[in-house]
Amino acid sequence: MLKLPVSLASRLSAALLPPCRRTLTYPTFSRSLSTRSLLNLKRRRFDKEISRPAAPPLKPAIPDVVVTHLGPSNDWYPHYDRLMPCPSENTIPRVEHLVSLNGGNVVDFICKSLHLPHLYVVDLIHFGAVFYALVCPNPPPTATPQQFRLFKEVTDPAVLKKRSSIRGKTLREAQKTFRVTDPDQILEAGTYLRVHVHPKRFPRCYEVDWKSRVIETTDSYVVLDKPAGISVGGTTDNIEECCATFASRALGFEDPLITTHQIDNCSEGCVVFSRTKEFCSFFHRLMREQQVKKLYLALASAPVPTGVISHYMRPAVLAPKLVSEENEEGWHLSQLEVLECIEVPWPSANISEAHGIEDSGWPPQEYAYECKVNLLTGKTHQIRAQFAAIGAPLVGDAMYMPAAAAEMANPDINPFGRCRRQHGGSLANDETIEAWIAAHGKEPKLGIGLKASHISWGDGCDGKFSYEAGAPWWRQ
C-alpha cells in the first residue's frame, strides 16, 4: 500500500504522525498533496511549527507501509478509542491520503495503514469522514519527486487499462471522490482514500432540546429555529452532528431531512428543511427567482445607518470574505437593506458566557445596536463582512471584529478600505492582501450577534407561508 502525505485541513498547522507509527520518513516539507491546503497556505501564513515533548523510540517498521509527514519529527497524535463521547474542544486537524495496492476491506486497510482501532474507523465512516476515488487525484506542484514517481506508478496507463471499474470513464471522472458509506466495502487495488481522522465536532448538538426548536412541521417541509454552534446539514468530514440529523431523530422521521439552504454555523434562526425531493426542488427554484424573503436581526457594535448598503465581495471559497466599496473586477455585488437600528444594552458578561460569545478584543461598550436587515443578495458571511467594513462588526464575531479593530487603529491596513481614496488608487497587492487577511481572526466557536429572524415565501407582501424565530440570545 502507498500512503500519500498528510493534508493541512485548516488554517492551523497539521499535526504529525506519531514517531511510533512511522516506518519510513522523507525530509519534511511545508505543503501536502491537497489542492485545498495549497490555496489555504497561499492565503494564510499559519504554517508555524508546533513544539512537542520528546517522542518515544520508534517501533519496528511495517514493511508494506510508506509514510511521509509534515513538520518537526517529534510531534504525535493522541490515543484513539471511539469518536463518542463528543469532546468539548476540537483536536488538531488530521487528514490522511492512502492508496490501496492490494485491495481488501476498507476498514481493515485503514486500521492497518494508520494504526487506528477498528471501531474508531467504523465511526469515521458513519460520520462521513472517509472518501474514495477509483484513481488517485493529481498531486500539486509542490509534491516531492518521489511522490510524483509513486503517483505515476499507480496511474500508469498500462496499469489503469487492467482495471475494469474505470473502463469507459475519463481520468477526471475516475478521480472524483465519493463518501464511503459501508464499512464492509471492498477496495479494488489502486483505489484512493482520503481519511479525515479528526473530523470537526459539534458538542452543542447534545445539549439542545431539538423538539423545542421546531417552528413548523408539514408533510413537505420543516422549519427549524437553528441553534448557534451547529452546522445546518453537516461539514465535509461530519454529516452526523448537524441540525438535519438531530432534528430528524427528534421528530421520529425515518427519512432524514434534506437541506434547502444554509446559514453560518455561528448564526441562529429560521432554516427550512425539505421532507421530499419535490419540495426541495420547488424551494430551490423559489430562491433562484428571489421569491424567498429573509430578515435578520444583527447585533452591531456601532450604529448603522438605515437604507441599502452595497459592497463588492471577492469571489473566494475560503473565509474571511473581503469586500470593497469600489467595483473590483470579477467581484460580486453584495447588498443588504437596514430597515431599522435601535440602541440596546451591550450583553452582560453572564449572558455572553452562557451563550458562548467571544470577547474578540473589542473595546468595552455600554450599548450595542440591534439592526433589522433585509438580505437582498445571499452571499456567505455577507452581513458579517459588510457590517465590519463600515466599522460596526457583529458582537462576538471573532473573525471580522479583530480586523475592524485593526482598521480603526491603522486605516491603511485594509487595501480595499476607504483610505485608498486618499492615496489616489488601489493599495491592493499580494503583500497587502496577505496582511489584511492575517488581521482577521478565526471562525467563532459558538455564537455571534446574528439571528435569521424571519423567512417567508408565496403570495403577498409577507408571503403566504411566513415563519418567525424566537427571541435572539441577547434578549434572553
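Just so you know, these numbers use all the heavy atoms, side chains as well, and skip hydrogens, waters and symmetry mates.
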Listed by chain and number, what are the salt bridge (charged side-chain N to carboxylate O under 4.0 Å, His left out) partners of R82, not counting sequence neighbours?
D123

Quick one: are the ring centres of H196 and F127 less than 6.0 Å apart?
no

For the pair F131 and Y192, evaluate ring-ring contact (aromatic ring centres under 6.0 Å, His included) and give the outcome as yes or no after the intermediate values.
CA-CA 8 Å; F131 294 79; Y192 161 82; 9.7 Å; no

Tell me the closest heavy-atom pair linking V338 and C371, and the distance in Å.
CG1-CB, 4.2 Å

Can you tell me how far CZ of R194 sits from CZ of R179, rounded to the nearest 0.5 angstrom?
9.0 Å

Assess whether atom CG of N410 is packed by more than 12 heavy atoms of other residues, nucleotides or ligands within 6.0 Å.
yes

Return the minimal non-hydrogen interatomic distance between A469 and I215, and the atom names on each side.
CA-CD1, 4.0 Å

Which atom of Q476 lies closest to which atom of A471, heavy atoms considered:
NE2-O, 3.0 Å

With a 4.5 Å cut-off on side-chain heavy atoms, are L83 and P199 touching?
yes

Per the side chain to side chain donor-acceptor pair (under 3.5 Å) rule, what does the pair list look like for residues 345-373, sequence neighbours excluded?
E370-W474, E370-R475

Residue pair L339 / T306, side-chain heavy-atom distance below 4.5 Å
no

Do F246 and V208 pass the side-chain contact (heavy atoms from CB on, under 4.5 Å) test, and can you show the C-alpha distance, the side-chain angles, and the key distance before you say yes or no?
CA-CA 9 Å; F246 276 72; V208 173; over 6 Å; no

Restricting to side chain to side chain donor-acceptor pair (under 3.5 Å), what partner residues turn up for Y221, sequence neighbours left out?
Y467

Going by the rule salt bridge (charged side-chain N to carboxylate O under 4.0 Å, His left out), which residues pair with K451 if we only count those two or more places apart in sequence or in a different chain?
D225, E268

Ignoring hydrogens and geometry beyond distance, is a side-chain donor-acceptor pair present between T432 and N429 at under 3.5 Å?
yes

How far apart are the closest heavy atoms of P203 and S88, and which atoms are they?
CG-O, 4.0 Å

Let me see the working for L114 and V195 under side-chain contact (heavy atoms from CB on, under 4.5 Å), right down to the final yes or no.
CA-CA 10 Å; L114 305 181; V195 184; 4.2 Å; yes

Please list all pairs passing the side chain to side chain donor-acceptor pair (under 3.5 Å) test where one or both residues lie in residues 275-289, with sequence neighbours left out.
R285-E289, E289-Q291

Answer yes or no: is there a side-chain heavy-atom contact under 4.5 Å between P444 and R384?
yes

Quick one: CD1 on I448 to OG on S267, what's the gap to the nearest 0.5 Å?
4.5 Å

Distance, nearest 0.5 Å, that separates CG of D81 from CG of L116
11.5 Å

Look at the side chain of D397 and the backbone N and O of M399, then say whether any donor-acceptor pair between them is shorter than 3.5 Å.
yes

Salt-bridged, E337 to K293, with N to O below 4.0 Å?
no

Hey, could you give me the CG/CD distance between L336 and Q382, rounded to the nearest 0.5 Å?
5.5 Å

Could you tell me if the side chain of N238 sits less than 4.5 Å from the side chain of R201, heavy atoms only?
yes

Taking the six-membered ring of F202, is NZ or CZ of R204 closer than 6.0 Å to its centre and within 45° of its axis?
no

How close do S248 and L257 get, heavy atom to heavy atom, and via which atoms?
OG-N, 2.9 Å

Heavy atoms of V304 and A392 approach each other most closely as CG2-CB, 3.7 Å

For ring-ring contact (aromatic ring centres under 6.0 Å, His included), just list the numbers for H198 and Y80, CA-CA rounded to whole Å, side-chain angles, deciding distance to a tenth of an Å, and then say yes or no.
CA-CA 10 Å; H198 296 163; Y80 294 102; 5.6 Å; yes

Less than 4.0 Å between a side-chain N and a carboxylate O, is that true for K200 and E241?
no

Would you give the length of the straight line joining atom OG1 of T217 to atom CG of D219, rounded to the nearest 0.5 angstrom?
10.0 Å

Are side-chain heavy atoms of V271 and I263 found at a separation under 4.5 Å?
yes

Could you check whether any side-chain N or O of T260 sits under 3.5 Å from a backbone N or O of V272, counting only pairs where one atom can act as donor and the other as acceptor?
yes

Reported OG1-to-CZ distance for the pair T218 and F465, which is rounded to 0.5 angstrom:
8.5 Å

Is M401 close to S301 at the side-chain level, that is, under 4.5 Å between some pair of heavy atoms?
yes

Flag for H440-Y400: side-chain donor and acceptor within less than 3.5 Å:
no

Are any of the side-chain heavy atoms of L322 and I437 separated by less than 4.5 Å?
yes

Between E240 and T245, a side-chain donor and acceptor under 3.5 Å
no

Do T377 and M313 come within less than 4.5 Å of each other through their side chains, counting heavy atoms only?
no

Derivation of the side-chain contact (heavy atoms from CB on, under 4.5 Å) call for F253 and L251
CA-CA 6 Å; F253 294 160; L251 294 170; 3.5 Å; yes

Which residue pairs pass the ring-ring contact (aromatic ring centres under 6.0 Å, His included) test when at least one of the two sits in residues 288-340, sequence neighbours left out?
W331-F416

Residues, nucleotides or ligands: over 12 heavy atoms within 6.0 Å of E343 CD
yes

If we count only N and O atoms by modelled type, under 3.5 Å, do the side chains of E443 and N265 hold a donor and an acceptor together?
no

Going through the distances and angles, do Q262 and S231 end up as a side-chain contact (heavy atoms from CB on, under 4.5 Å)?
CA-CA 9 Å; Q262 296 281 348; S231 71; 6.0 Å; no

